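Remember, it's 1-based here, ligands and their atoms both numbered in the order they're listed. Starting from 1, each residue takes its place in the sequence as its number. All values derive from a computational prediction rather than experimental measurement.
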Amino acid sequence: MTQYKEEDFLSLSGIQHFEFCRRQWALIHIEMQWDENFRTIEGHLLHKKAHDEYSTEKRGDIIISRGMPIFSRTLGVNGVCDIVEFHRHDDGTEIFGRDGKFKVFPVEYKRGEPKDSDIDILQLAAQAMCLEEMLCCNIEEGSIFYGETRRRTLVKINEHLRNKVKARFKEMHEMYDKRHTPKVKPTKSCNACSLKNLCLPKLCKNKSAKEYIFKNIREGDLT
Ligand code: SF4
C-alpha cells in the first residue's frame, strides 16, 4: 500500500473541487488561482465559525472537538475537521488522555442545503478515513450540517464511498504529479463556479479567442 510523505500531501478539501470539476481543482490546487465569489465567501464564514481554532468541550457523554487537524498517509492528504464528536460507547475506541471508550463521529459544516451530488459526502467520508487511520478506529457514520436548513444529514460511511474517495485521491495525485490542468469543458456547473471568470468557459464555445473577443466587443460585454 502506498504511503505518502508529508511533503506530498494534497489538501483534503480539494476533493469537493475535484468532484465538481477537475479543471477547477487543477486551477486552484496546481495553478493556485482563486477567485472569491459570494458562495465561497459565505462558505468560509460558516467554516470560520465552526473551527476558528482547535478546541474541545465536554457535553455529558460527548466530547466535541473543533478544528481538529487530520491527515492520512495512505490517501496522501491533510486537512481540518470542522467538528469531531466522541460519543462514549462500550464498543468504541480508546482516546489518549480520556477514560473509557468512544465512537468517533465527524461533522462537516456546509452552506446551502443538501445537494444531489456526492461532493459533500465524499469530503466527509475522506475525513472519516483520516480519523480511522489516526485513531485506529472504525467510523460507520458522520453527518453534514447545512447552513440553510440548519439541520444535520446523516451519512453512512460505506465501502462504495470509501472506494470512491480512494480513487479520487489517486487520480488527484496523478494529475498533480504531472501538473496537468484539464481543458475547459463547459457544463451547467459553470454558472455556480467561483472560477468562471478566470476559466472563461465561453471561450471554448467559440471557434477562437479572437472571435470571442470580437463578439463580446460587439455586444459591449467587455467594459
Ligand atoms: S468555469 Fe466550468 S469548466 Fe471552468 S473551472 Fe469552473 S466548472 Fe470547470
Atoms of ligand 1 less than 4.0 Å from Lys196 heavy atoms?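 Once the distances to Lys196 are compared, the set is 1 (S).
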
At a 4.0 Å threshold, what atoms of ligand 1 neighbour a non-hydrogen atom of Cys21?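 That gives atoms 3 (S), 5 (S), 7 (S), 8 (Fe) of ligand 1.
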
Looking at atom 6 (Fe) of ligand 1, is one of the N, O or S atoms of Cys199 less than 2.8 Å from it?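 No N, O or S atom of Cys199 is closer than 2.8 Å to atom 6 (Fe) of ligand 1, so no.
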
Show your working on side-chain hydrogen bond (donor to acceptor under 3.5 Å, both in side chains) between Gln3 and Thr74 and close with a plain yes or no. CA-CA 5 Å; Gln3 291 273 316; Thr74 55; 5.5 Å; no

I would like to know whether Glu133 and Ser72 meet side-chain hydrogen bond (donor to acceptor under 3.5 Å, both in side chains); could you show each step before the answer? CA-CA 6 Å; Glu133 199 173 305; Ser72 160; 2.8 Å; yes

Strictly below 4.0 Å, N to O, side chains only: are Glu85 and Lys103 in salt-bridge contact? no

Shortest heavy-atom approach to atom 5 (S) of ligand 1 - which of Gln24, His17, Arg22: Gln24

Is the gap between the ring centers of Phe18 and His29 under 6.0 Å?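 That pair fails the under 6.0 Å test.
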
